[in-house]
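Working notes for the structure below.
Quick note on labels: first sequence line is chain A, next is B, and so on, each numbered from 1.
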Amino acid sequence: AVTFSSLINGLCFEDKFARAMEFFDEMVASGYQPNLHTYNTIIKGFCKIGKTNVAVGLLKKMDRAGGRPDVVIYNTIIDGLCKDRLVNEALDIFYEIKGKGVRPDVFTYSILMHGLCNSDQKEEASALFNEMMSLNIMPDVVTFNILVDKLCKEGMLSEAQGIIKIMIEKGVEPNYATYNSLMNGYCLQNKVFEARMVFDAMITKGSKPNVVSYNILINGYCKAQRIDEARELFDEMRFQGLIPNIFNYNTLISGLCQAGRHCEAKELFKD
RNA sequence: UGCAUUGCCCUCUAGU
């Protein structure tokens, strides 16, 4: 059963969801009883290809058949709905499960807070944050990162710094995503220097910058018309053994183009 | 007994 589930998961990961489904149907037809892990993998697959409604249908079917969906399954569905910008439907499910004895966990709250932030409902997200605290469901680094990121995107950098201070006081260490959000926030305010300080600080604190960290800074330099520094960072990233991804190429190539340096852009494109 | 499933950060384009 484990290998079966892993296989399906692997197929979904490789965007071979249709194959995964085929496989799932065959197994069920030959009398195999899928467990919660397997169901969740399938449900997530449906959400990923934009068929959240099918996922919800599967959930209801499980429910009716007495399949007892667990909090992980509900979290997957709630996240799928949020990513489809159907936060209200996600909240409906949240209230529904609270009423029937499935305890929301730190994932549930983080997912919903993320959805609320993405639909410009920061106040509601804070309310959920307070609610989870009052229920003794402790926010973790991801929960805090969601708040930090939202504040950074709104340009409220000192508030974001405040949250980081609070998280540290609570014994939750910021990770690379926290620093990346902060760097991005500074770049959005055209404060590349401050972003660079964060970048350097994260190295000192032992969080290795990843390709995303580099990309944020590269983008910051490009937007500030400092293309040469952007190029240097790109090279340094490779020197550090990081493999540039599609984002890195896009960022630098469009930066070069906007600066009128089309030849260099073409060179890079060839890689 | 162990092992598998859910949440956070970056680019461009298009749409609105």
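- For A:K44 and B:rU5, the shortest distance from a side-chain N or O to OP1 or OP2 is not below 4.0 Å.
- Atom CG of A:D70 is separated from atom P of B:rU5 by 13 Å (rounded to the nearest Å).
- Residue pairs meeting the ring pair (Phe, Tyr, Trp, His ring centres under 6.0 Å) criterion with at least one member in residues 218-242 of chain A, sequence neighbours excluded, are A:F234-A:Y249.
- Annotation: ring pair (Phe, Tyr, Trp, His ring centres under 6.0 Å) contacts involving residues 121-161 of chain A, sequence neighbours excluded, comprise A:F129-A:F144.
- OP1 or OP2 of B:rU5 has not a single side-chain nitrogen or oxygen of A:K48 nearer than 4.0 Å.
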Show which side-chain atoms of residues 163-178 of chain A pair as donor or acceptor with protein atoms under 3.5 Å away, not counting sequence neighbours.
{"from": "A:N175", "atom 1": "OD1", "to": "A:N145", "atom 2": "ND2", "distance (Å)": "3.1"}
{"from": "A:N175", "atom 1": "OD1", "to": "A:A177", "atom 2": "N", "distance (Å)": "3.1"}
{"from": "A:N175", "atom 1": "OD1", "to": "A:T178", "atom 2": "N", "distance (Å)": "3.2"}
{"from": "A:N175", "atom 1": "OD1", "to": "A:T178", "atom 2": "OG1", "distance (Å)": "3.1"}
{"from": "A:T178", "atom 1": "OG1", "to": "A:N145", "atom 2": "OD1", "distance (Å)": "2.6"}
{"from": "A:T178", "atom 1": "OG1", "to": "A:N175", "atom 2": "N", "distance (Å)": "2.9"}
{"from": "A:T178", "atom 1": "OG1", "to": "A:N175", "atom 2": "O", "distance (Å)": "3.2"}

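- Partners of A:K83 by salt bridge (Lys or Arg N to Asp or Glu O under 4.0 Å), not counting sequence neighbours, listed by chain and number: A:D79.
- Counting to the nearest Å, the P atom of B:rG7 and the CG atom of A:N75 are 9 Å from each other.
- Here A:Y186 and A:F193 keep their ring centres 6.0 angstrom or further from each other.
- Distance A:H37 NE2 to B:rC3 C1': 10 Å, rounded to the nearest Å.
- Every pair passing side chain to side chain donor-acceptor pair (under 3.5 Å) that includes a residue from residues 101-113 of chain A is listed here, sequence neighbours excluded: A:N75-A:D105, A:N75-A:T108, A:D105-A:T108, A:Y109-A:E131, A:S110-A:T143.
- Counting only residues at least two apart or on different chains, the ring pair (Phe, Tyr, Trp, His ring centres under 6.0 Å) pairs with a member in residues 41-70 of chain A are A:F17-A:F46.
- Residue A:F46 contributes atom CZ, which lies 20 Å from atom P of B:rU5 at whole-angstrom precision.
- Within the nucleic acid shown, A:D140 comes within 4.0 Å of at least one base atom, counting heavy atoms only.
- Looking at heavy-atom distances under 4.0 Å, A:T108 makes no contact with the nucleic acid at all.
- For the pair A:I42 CD1 and B:rA4 P, the interatomic distance rounds to 18 Å; values are reported in whole Å.
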Once base and sugar-phosphate atoms are separated, protein heavy atoms under 4.0 Å mark nucleotides 8-16 of chain B, 5' to 3', with B, S and - as BBBBS----
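- With sequence neighbours excluded, no residue forms a side-chain hydrogen bond (donor to acceptor under 3.5 Å, both in side chains) with A:Q189.
- Contact detail for A:K150 and A:C117: the closest heavy-atom pair is NZ-O, 3.1 Å.
- RNA chain B contains no stems of three or more consecutive Watson-Crick or G-U pairs with both distances under 3.5 Å.
- As a whole-Å value, the separation of A:I77 CD1 from B:rU5 C1' is 13 Å.
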